[in-house]
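Written out below as structure tokens is the structure these notes cover.
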Amino acid sequence: IGSGSGHNDVVSDGKLINIDFHLEAPLNLSIKGLQLSDTLDINLNQVDLSQVEKGTLNLIAKNGFPIDARIIMSLLDEHGISKYILLDGNQIIKAAPINSNGKVDQKLQSIIRIPIDQKVIEQLTTYKHIKIDAIFDTKPTSSNVKLYSTYDIDFILTGDFIYRIK
């Protein structure tokens, strides 16, 4: 047995043995107040917005992560200084619920409404940059959650406006 037998304790018929296994290695973490930011260029001067009286932009998020996201959106001048706040961080994309197996199996939809009036339109055409901050918190709070590669989030931006026709 073992090396004492000159390795004569091994049985082989010359065929390979196939072994399949499933490895689950999700990211396991808890987040409170993680902030990610991005700045985008905007140019609405090519669009005639002069006849828009008022309306609403709707940011529809279908969240497949067990993470809340508070959203801040601000317009920046050419020096990167915030000049106008569109969303102040009180608007939340809600976390998807976790099932009894510790996984998200259904996305949760949140709608963030951004009121648009003549003042906002003037700001949107004046400033050329928009900064978006997202502050993330895992749910349930103070608990570790697992993040799987199958999780995702879908965004749709729609508008509902009153447009004056001359």
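Since the model is a prediction, treat every value here as computed from it, not as a measurement.
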Hey, quick one: are [X] and [Y] part of the same hydrophobic cluster, counting side-chain heavy atoms closer than 4.5 Å, chains of contacts allowed?
X    : Y    : answer
Y127 : I85  : no
I135 : L36  : no
V120 : I72  : no
M73  : I42  : yes
I162 : I165 : no

Whether the side chain of [X] engages the backbone of [Y] through a donor-acceptor N/O pair (distance < 3.5 Å, no angle test) should be reported.
X    : Y    : answer
N101 : K103 : no
S110 : K94  : yes
D137 : G33  : yes
K119 : I116 : no

Yes or no on side-chain contact (heavy atoms from CB on, under 4.5 Å) for L29 and L147, after CA distance, side-chain angles and deciding distance? CA-CA 8 Å; L29 51 77; L147 300 183; 4.2 Å; yes
From [X] [atom1] over to [Y] [atom2], what is the distance, rounded to the nearest 0.5 angstrom?
X    : Y   : atom1 : atom2 : value
I111 : K62 : CD1   : NZ    : 9.5 Å
D68  : I71 : CG    : CD1   : 10.0 Å
S74  : L76 : OG    : CG    : 5.0 Å
K139 : I98 : NZ    : CD1   : 11.0 Å
D133 : L87 : CG    : CG    : 10.5 Å
K131 : I81 : NZ    : CD1   : 10.0 Å

Looking only at heavy atoms, what is the nearest atom pair of [X] and [Y], with distance?
X    : Y    : answer
G159 : L57  : CA-CD2, 4.2 Å
P66  : K146 : CG-O, 4.3 Å
Y148 : G102 : CE1-O, 4.5 Å

For T158 and N58: C-alpha separation, side-chain torsions, deciding distance, then whether side-chain hydrogen bond (donor to acceptor under 3.5 Å, both in side chains) applies. CA-CA 5 Å; T158 66; N58 302 297; 3.3 Å; yes
Start with the C-alpha distance between I153 and I93, add both sets of side-chain angles, then the distance that settles side-chain contact (heavy atoms from CB on, under 4.5 Å), and finish with yes or no. CA-CA 10 Å; I153 187 168; I93 296 172; 4.1 Å; yes
I would like to know whether V104 and F65 meet side-chain contact (heavy atoms from CB on, under 4.5 Å); could you show each step before the answer? CA-CA 7 Å; V104 171; F65 288 91; over 6 Å; no
Please step through side-chain contact (heavy atoms from CB on, under 4.5 Å) for the pair N63 and D152, ending with a clear verdict. CA-CA 7 Å; N63 190 1; D152 64 357; over 6 Å; no
Pairing of K107 and D154 as salt bridge, 4.0 angstrom limit: yes
Got more than 12 heavy atoms from elsewhere within 6.0 Å of CD, Q106? no
Any side-chain heavy-atom pair from T56 and I114 closer than 4.5 angstrom? no
Both conditions, 6.0 Å and 45 degrees, for the charged tip of K54 above the ring of F161: are they met here? no
